[in-house]
Amino acid sequence: MKQQKFLNQARHNEDFHNSLCREFEHSFFDWKITCLFYISIHYLKALAVKRNRYIGNHHAEINRNIKSGPHNPAMPISRTACNNYMQLFHHSQTARYDGFEDLATFNELKRDDYQQALQWFDAFKKFVGSSGVAMCAKIILCFLQVRVG
Amino acid sequence: MSVDPSYLFRLSALDSELATASKAYGLQSASNAVLQFTTEHLQGTFQTGFVNEPVAAEAPLRASRDTDKLFMEVDEVVRKYLREATERKLVKTAFVKFRPFTDLMYGIVLHKDNIANRKKLYRLLDFYAGLDMSEKLPVYFQVIPDRLVCRFSGEEFIS
């Protein structure tokens, strides 16, 4: 049931991401990026439960435990999947950086980052799905979205 | 572009120092603490799986240091990395925003901004993100499109 808990959380976050895309198509890219990362981390944790591995609770520990290497990681994943996850991690961290005074510039930066984040997320989600974790409904890709109504 | 192992050694050494000091002084978080300790020359073999080589003997660490100084040491490593990335034509230019006791943010313009080049750029940060220190001393890379770099003319450019 613990896996289900993480999947439910991932679905919850995807619903939130989708509603952000519908309601705020041209803004809040920082929150959209953050959503994509937190969906990913919940899918990663669901995968860890499926594989009966403990990957940790804080980010540094999780980042160590999914990366292949001689440091005896708990659940190394493919280099590509690890890279996609780490890119989402880095960009979600920067999305919450509050040192930019010019919000218009910040929004433009985040819009560019979000375009790339969608690609990393799509690839990471495919990896998790191919690893046997049940996926939820296809995420709305904001930049390909057709307006409803 | 692979990451020079000496950068990884240095970051790992700093991470160990911070962990040691935190345990020695029972600190929950060293972020806002003055770390006081003495240490001997850093010596030994650091096995990374990339290369086995002795860590160069370091000058004795200062009897006391604060978080800003630790940030400065991390900053020094990142600046070297970004200057090297500039020489290798991955990075076009870069600047740093340092917020004392808070974080380090690097704005980076790539010669060619695409997924492959972002992946190369972030290799150092991928390593840093696996260190416990990264949660106490956040370091951010922000890729800046060429068209927007003029909006950051007041920042400290490092390459």
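Here the structure is a predicted model, which is why all the values come from computation and not from measurement. Residue numbers begin at 1 in each chain, while the letters A, B, ... track the order of the sequences.
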Would you say [Y] ends up clustered with [X] if hydrophobic residues are merged whenever their side chains have heavy atoms under 4.5 Å apart, either directly or through other cluster members?
X	Y	answer
B:Met72	B:Tyr106	yes
B:Ile144	B:Ile108	no
A:Phe106	B:Val96	no
B:Val91	B:Phe127	yes
B:Tyr140	A:Leu36	no

message: Quick check for you: to the nearest 0.5 Å, what is the distance between B:Met105 atom CE and A:Thr94 atom OG1?
response: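 One finds 8.5 Å between CE of B:Met105 and OG1 of A:Thr94.
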Rounding to 0.5 Å, atoms CZ (B:Arg151) and CG (A:Asp102) come to a distance of 6.0 Å
Check for me whether B:Arg99 meets the cation-pi criterion with A:Tyr97, that is, NZ or CZ under 6.0 Å from the six-membered ring centre and within 45 degrees of the ring axis.
yes
Measure the shortest side-chain to side-chain distance between B:Asp113 and A:Gln116 over non-hydrogen atoms and say whether it is less than 4.5 angstrom.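 Result yes, sub-4.5 Å side-chain heavy-atom pair found.
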Just so I know, are the side chains of B:Gln142 and A:Asp113 near enough to count as touching, which here means a heavy-atom distance under 4.5 Å?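 Side chain of B:Gln142 against side chain of A:Asp113, heavy atoms only: contact under 4.5 Å found.
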Nearest non-hydrogen partners of [X] and [Y], listed with the distance:
X	Y	value
A:Met86	B:Ala129	CE-CB, 3.6 Å
A:His90	B:Leu125	CE1-O, 3.3 Å
A:Asn83	B:Lys119	OD1-CG, 3.3 Å
A:Glu108	B:Leu148	OE1-CD2, 3.7 Å

Q: Might you work through the side chain to side chain contact (heavy atoms under 4.5 Å, CB included) test for A:Phe100 and B:Phe152, ending with a clear yes or no?
A: CA-CA 10 Å; A:Phe100 287 108; B:Phe152 297 93; 3.3 Å; yes
Return the option, out of B:Thr102, B:Ile115, B:Leu131, with the maximum number of heavy-atom pairs under 4.5 Å with chain A.
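Ranked by heavy-atom pairs under 4.5 Å with chain A, first place is B:Ile115.
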Interface check, chain A: of B:Gly130, B:Pro145, B:Ser134, B:Pro138, most non-hydrogen pairs under 4.5 Å belong to B:Gly130
Whatever's closer than 4.5 Å to a heavy atom in chain A on B:Phe141 counts as backbone
When the 4.5 angstrom heavy-atom criterion is applied to B:Asn114 and chain A, the contacting part is backbone
Contacting region of A:Asn84 [heavy-atom separation from chain B under 4.5 Å]: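 Neither part.
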B:Glu135 and A:His58 side chains, donor-acceptor separation under 3.5 Å: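 A donor-acceptor contact under 3.5 Å links the two side chains.
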* Give a yes-or-no answer on whether the side chains of B:Arg118 and A:His91 include a donor-acceptor pair shorter than 3.5 Å. =>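 Per modelled atom types, B:Arg118 and A:His91 side chains form a pair under 3.5 Å.
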Chi angles and distances behind the side chain to side chain donor-acceptor pair (under 3.5 Å) call for B:Asp126, A:Gln87:
CA-CA 8 Å; B:Asp126 285 345; A:Gln87 288 292 330; 5.1 Å; no
Over 12 foreign heavy atoms within 6.0 Å of [atom1], [X]:
X	atom1	result
A:Arg79	CZ	no
B:His111	NE2	yes
B:Lys80	NZ	no
B:Arg79	CZ	yes

